[in-house]
Participant: 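Sharing a structure, written as structure tokens. Questions coming.
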Amino acid sequence: MKPGDKLFDNINGAIRKCKVGVAVFSPRYCESYFCLHELALMMESRKKVIPIFCDVKPSQLRAVDDGKCAMEDIRRFNWALEEAKYTVGLTFDSLKGNWSDVVTSTSDNIINTLIEMEGEKQMQRHKSTPMLHV
């Protein structure tokens with residue numbers, strides 16, 4: 001992005017075009033409107049999301065109504081958080097763990113997911129191709 005670009009337009013477009021999303025949940029994640037909006041958009045777009053729970057347990061994730069967001073947004077965000085809570089993800093404890101291990105594990109997961117998705121897409125194409133019987 002460059003100066004003058006509309007933030008939401010670019011982020012929303014990129015999320016709609018992506019195949020896999022990664023959400024890095026931290027203790028303050030739910031305080032960010034942008035993080036919650038991006039997560040909700042990934043979930044609404046039915047993207048495959050790989051959650052990383054960094055210094056936070058899934059049960060701790062909750063969008064709080066602090067009066068800054070519309071109630072509809074709060075419901076949308078909490079729905080997306082619930083979806084993420086019940087998605088198998090990675091955990092990271094910053095006091096005990098190594099960031100490079102998490103990055104490596106995450107990138108391996110993304111690559112494997114993309115390979116699987118491509119394989120499924122090719123199988124679907126193969127199934128939809130009519131067979132000619134002679």
Participant: Testing the basics here: between D65 and G67, what is the closest heavy-atom pair and its distance to 0.1 Å?
Facilitator: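 So the minimum-distance heavy-atom pair works out to OD1-N, 3.1 Å.
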Participant: Where do P51 and A84 come nearest, in terms of heavy atoms and distance?
Facilitator: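 Taking every non-hydrogen atom into account, CG-O, 4.0 Å.
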Participant: Mark yes or no for whether S107, through its side chain, and T104, through its backbone, hold a donor-acceptor pair below 3.5 Å.
Facilitator: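 Flag set: sc S107 to bb T104 pair under 3.5 Å.
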Participant: Is there a continuous path of hydrophobic side-chain contacts, each under 4.5 Å between heavy atoms, that joins I111 to V88?
Facilitator: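 Per the 4.5 Å side-chain linkage, I111 and V88 are not co-clustered.
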Participant: Can you confirm whether D55 sits close enough to F25 that some side-chain heavy atom of one is under 4.5 Å from a side-chain heavy atom of the other?
Facilitator: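 The answer is no, as the side chains (C-beta and beyond) never meet within the 4.5 Å cut-off.
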Participant: Enter the distance from N78:CG to I74:CD1 here, rounded to the nearest 0.5 Å.
Facilitator: 7.0 Å
Participant: Would you find a donor on one side and an acceptor on the other, under 3.5 Å apart, between the side chain of N112 and the backbone of D108?
Facilitator: yes
Participant: If you group Ile, Leu, Val, Met, Phe, Trp and Tyr whenever their side-chain heavy atoms sit less than 4.5 Å apart, what else falls in with W99?
Facilitator: V20, V22, V24, I50, I52, L90, F92, V102, I110, L114, M117
Participant: Knowing that exactly one of E82, E83, R75 qualifies, which makes a side chain to side chain contact (heavy atoms under 4.5 Å, CB included) with W79?
Facilitator: E83
Participant: Would you name the heavy atoms of C18 and K47 that are closest together and state the gap between them?
Facilitator: O-NZ, 2.8 Å
Participant: Under the side chain to side chain contact (heavy atoms under 4.5 Å, CB included) criterion, do R76 and M43 qualify, and how do the steps go?
Facilitator: CA-CA 10 Å; R76 187 173 159 249; M43 294 301 188; over 6 Å; no
Participant: How close do K68 and D66 get, counting heavy atoms only, and between which atoms?
Facilitator: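 In terms of heavy atoms, the two residues are closest at N-OD1, 3.0 Å.
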Participant: Distance check, rounded to the nearest 0.5 Å: I15 atom CD1 versus N10 atom CG?
Facilitator: 11.0 Å
Participant: Output the distance between atom CD1 (I11) and atom CZ (R16), rounded to the nearest 0.5 Å.
Facilitator: 11.5 Å
Participant: May I have the step-by-step check of side chain to side chain contact (heavy atoms under 4.5 Å, CB included) for L81 and C30, ending in yes or no?
Facilitator: CA-CA 9 Å; L81 288 165; C30 293; 3.8 Å; yes
Participant: Could you list the donor-acceptor pairs under 3.5 angstrom formed between side-chain atoms of residues 31-42 and any protein atom two or more places apart in sequence or on another chain?
Facilitator:
unit_1: E31; atom_1: OE1; unit_2: R28; atom_2: NE; d: 2.9
unit_1: E31; atom_1: OE1; unit_2: R28; atom_2: NH2; d: 2.9
unit_1: S32; atom_1: OG; unit_2: F34; atom_2: N; d: 3.4
unit_1: S32; atom_1: OG; unit_2: C35; atom_2: N; d: 3.1
unit_1: H37; atom_1: NE2; unit_2: N12; atom_2: OD1; d: 2.9

